[in-house]
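Beneath this line is the structure, given in structure tokens, with notes to follow.
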Amino acid sequence: MTLKIGAPKELIAGESRVAMTPDSALQLQKLGYICLIEAGAGSLAGFSDKAYRAAGVEVVETAEALFEQADIIAKVRPPEPRELERLRAGQTLISFFYPGQNTTLLEQAKATGANVIAMDMVPRISRAQKMDALSSMANIAGYRAVIEAGNNFGRFFTGQVTAAGKVPPAKVLIIGAGVAGLAAIGTATSLGAITYAFDVRPEVAEQIESMGAEFVFLDFKESQQDGAATGGYAAPSSPEFREKQLEKFRELAPQIDIVITTALIPGRDAPKLWLADMVAAMKPGSVIVDLAAERGGNCDLTVADQRVVSDNGVVIIGYTDFPSRMAAQASTLYSTNIRHMMTDLTPAKDGVVVHNMEDDVIRGATVAFEGNVTYPPPPPKIQAIAAQKRQEKAKELTPEEKRAKETAAFKAQTKSQGFLLLIGTALLLLVGAYAPASFMNHFVVFMLACFIGFQVIWNVSHSLHTPLMAVTNAISGIVILGALLQIGSGNWLVVLLAALSVLVATINIVGGFLVTRRMLAMFQKS
């Protein structure tokens with residue numbers, strides 16, 4: 001029997017997202033499902049009932065009727081107790097659930113006999129990235145945090161030199177380089193701010209620097225746990241590390257204009273990283289955006305869902321609904337996560353759910369199944385990330401050290417080349433002592449072609465041709481030089497072959513440079 005999947009209107013005040021969009025409904029219908037939506041459920045996200053009907057979705061007037069008709073309920077926020085009362089045995093609920101913090105809800109869901117899939121429990125493994133709703137929403141939150149900071153910041157992000165005066169660029173510090181942090185880094189750097197980022201996981205330093213931000217290093221010898229061992233999240237730090245961390249933040253606070261904190265581990269209260277004395281050290285008009293406000297906040301002065309101003313004029317933003325403030329985009333991404341989850345639950349694409357508890361992703365996300373609580377899940381069989389060794393930064397050499405290194409390299413190269421020339425001369429003398437004169441003429445041509453032809457082309461900078469072209473062009477250099485030396489021969493056959501060799505080698509060399517030019521042009525901005 002073909003099952004029905006429905007999305008009710010969210011009950012939390014201010015929640016604008018919806019779990020099903022017209023586009024995702026079209027994809028769900030291809031999986032064999034009949035789609036239902038509560039009237040007005042998508043209006044705050046910009047999706048009208050008319051748009052749903054055009055996509056073949058049945059619009060149901062009330063939530064009660066939708067729960068009665070649907071076999072699968074798709075929501076965004078964790079269900080309210082009255083919503084759980086509407087569930088029946090055999091139904092499937094898919095939503096954010098946070099089972100570690102909502103044990104009462106979990107017990108109520110168990111009592112209904114319904115199956116509950118928590119989108120926040122999707123394991124962070126490669127195969128499950130398309131269903132990782134936490135990352136989808138964190139990406140939006142990181143982007144929106146920078147936009148919100150700019151809305152409350154009284155200056156440009158980028159530096160400018162105008163006739164009216166010089167405007168310095170804003171300095172932005174991102175604390176925590178998870179999905180939200182990286183999204184914030186990308187947005188801040190693209191707006192022209194000088195961006196700094198800090199994270200306790202050493203493996204993210206290269207990611208931060210590759211996005212144009214500067215990684216804030218701590219002079220601390222303790223090795224931090226690799227994120228691979230904790231599902232991609234940061235592990236709690238030692239008290240000694242925390243003190244060193246706070247010391248570094250106090251040093252940075254007077255020069256930073258915007259601070260965006262994203263440090264949060266699921267199931268734990270947010271660590272306090274930006275203390276009241278750091279806020280007091282910041283310049284008036286500075287902005288702090290605390291993305292961990294829902295779990296107590298990373299800043300001492302954060303108040304959940306409020307914008308407050310400190311005594312010294314620093315704005316602290318503790319909104320907990322950043323994804324909902326971009327409801328259309330958030331709904332599109334979240335509904336896509338839901339659709340991918342349904343794809344895994346419907347292997348035959350026949351509109352029938354196959355709840356395979358042997359599947360790592362489905363089992364990890366399932367928190368209640370057939371009247372039993374299945375939270376917490378067993379660890380996934382594979383890690384989210386391969387553990388990486390921290391790469392030490394190359395030590396900067398002083399001018400004296402650079403000169404000494406270059407001199408030593410020159411001496412070593414001169415010595416090796418002189419040694420090779422000595423051996424080559426000795427071999428030539430040895431061969432010349434016994435070989436006939438006709439052989440020696442050809443042998444000298446061969447040696448000159450190999451040595452001069454190869455060296456001339458090979459020493460051309462690789463910025464002018466790729467390493468592969470360097471090898472083929474060097475071989476062509478041997479051919480062309482040998483042919484040029486033989487083209488003056490008195491034998492017409494030798495002259496013909498030499499001329500043909502010059503032509504072919506020239507085509508190869510010129511063609512190699514032209515191909516490389518086209519390849520390099522692909523990486524140049526017009």
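Small disclaimer: the values here were computed from a predicted structure and weren't measured.
Atoms CD and CD, on Glu83 and Glu64 in that order, are 10.0 Å from each other to the nearest 0.5 Å. Taken from CE in Met211 to CD1 in Ile208, the straight-line distance is 9.5 Å, to the nearest 0.5 Å. A distance of 5.0 Å separates NE2 in His355 from CZ in Phe369, rounded to the nearest 0.5 Å. The CZ atom of Phe215 sits 14.5 Å away from the OG1 atom of Thr195 when rounded to the nearest 0.5 Å. Rounding to the nearest 0.5 Å gives a distance of 7.0 Å between OG1 of Thr302 and CD1 of Ile288. Summarising the geometry, atom CD1 belonging to Ile72 is positioned 6.5 Å from atom OG1 belonging to Thr346; distances are rounded to the nearest 0.5 Å.
Asp290 contributes a side-chain N or O that, together with a main-chain N or O of Ala292, makes up a donor-acceptor pair within less than 3.5 Å. Using a distance-only test at 3.5 Å, with no hydrogens or angles considered, a donor-acceptor pair links the side chain of Lys283 to the main chain of Pro254. Side-chain atoms of Ser331 come within 3.5 Å of backbone N or O of Val18 as a donor-acceptor pair. Judged by distance alone, with hydrogens and angles left aside, the side-chain atoms of Ser324 form a donor-acceptor pair with the main-chain N or O of Gly14 at under 3.5 Å. With hydrogens and angles disregarded, a donor-acceptor distance shorter than 3.5 Å links the side chain of Gln108 to the backbone of Pro81. Put simply, the side chain of Gln91 gets close to the backbone of Ala70: a donor and an acceptor are under 3.5 Å apart. Counting only distance, with no hydrogens or angles, the side chain of Asp257 and the backbone of Val172 share no donor-acceptor pair below 3.5 Å. Listed for the Gln29 side chain is a donor-acceptor partner under 3.5 Å among the backbone atoms of Ala55. Checked by atom type and distance alone, the side chain of Asp199 pairs as donor or acceptor with a backbone atom of Ala177 at under 3.5 Å. A donor-acceptor pair under 3.5 Å is absent between the side-chain atoms of Asp132 and the main chain of Arg124, judged by distance alone.
Taking a 6.0 Å sphere around CD of Gln160, one finds it holds more than 12 heavy atoms contributed by other residues, nucleotides or ligands.
Here Arg127 does not pair with Asp360 in a salt bridge; the nearest charged N to carboxylate O distance is not below 4.0 Å. The residues Arg53 and Asp49 are annotated as not salt-bridged, no charged nitrogen and carboxylate oxygen being separated by less than 4.0 angstrom. Between Glu10 and Lys75 there is a salt bridge, with a side-chain nitrogen of the basic residue lying less than 4.0 Å from a carboxylate oxygen of the acidic one. Classification of Glu251 and Lys248 as a salt-bridged pair holds, one side-chain N sitting under 4.0 Å from a carboxylate O.
Closest approach of Thr189 to Ala213, counting heavy atoms only: CG2-N, 4.3 Å. Counting all heavy atoms, side chain and backbone alike, Val308 lies closest to Val303 at CG1-CG2, 4.0 Å. In plain terms, the two heavy atoms of Thr262 and Gly176 that are nearest each other are OG1-O, 2.9 Å. The minimum heavy-atom distance linking Val60 with Ala65 is given by the pair CG1-CB, 3.4 Å. Of all heavy-atom pairs between Ser335 and Ala19, the closest is CB-O, 3.4 Å. When all heavy atoms are compared, the tightest approach of Val59 to Tyr52 is CG2-CB, 4.4 Å.
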For Asp71 and Arg88: C-alpha separation, side-chain torsions, deciding distance, then whether side chain to side chain contact (heavy atoms under 4.5 Å, CB included) applies.
CA-CA 9 Å; Asp71 302 288; Arg88 62 181 183 273; 3.8 Å; yes
Take Leu291 and Leu264, measure what side chain to side chain contact (heavy atoms under 4.5 Å, CB included) needs, and give me the verdict at the end.
CA-CA 9 Å; Leu291 291 181; Leu264 189 61; over 6 Å; no
Is there a side chain to side chain contact (heavy atoms under 4.5 Å, CB included) between Val216 and Leu173? Walk through the geometry before answering.
CA-CA 9 Å; Val216 177; Leu173 172 64; 4.3 Å; yes
Full working for side chain to side chain contact (heavy atoms under 4.5 Å, CB included) between Tyr98 and Leu105
CA-CA 10 Å; Tyr98 308 109; Leu105 279 181; over 6 Å; no
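Side-chain atoms of Ser43 and Lys9, non-hydrogen and from C-beta on, never get closer than 4.5 Å to each other. Side-chain contact between Ile194 and Glu214 is absent, with no heavy-atom pair separated by less than 4.5 Å. Contact check for Asn298 versus Trp274: no side-chain heavy atoms found under the 4.5 Å cut-off. By the 4.5 Å heavy-atom criterion applied to side chains, Leu93 and Leu87 are counted as neighbours. Here the side chains of Ile37 and Cys35 are not in contact, with every heavy-atom distance at 4.5 Å or above. Counting heavy atoms from C-beta outward, Asn356 and Asp344 have side chains that stay 4.5 Å or more apart. Side-chain contact between Ile117 and Met342: absent, with no pair of heavy atoms (C-beta onward) separated by less than 4.5 Å. Val279 places none of its side-chain heavy atoms less than 4.5 Å from the side chain of Asp300.
Ring planes of Phe198 and Phe249: perpendicular class, angle over 60° (limits at 30 and 60°). Using the six-membered ring where Trp is involved, Phe322 and Tyr319 have ring planes that are tilted, between 30° and 60° apart.
For Ser310 and Asn312, the side-chain atoms include at least one donor-acceptor pair closer than 3.5 Å.
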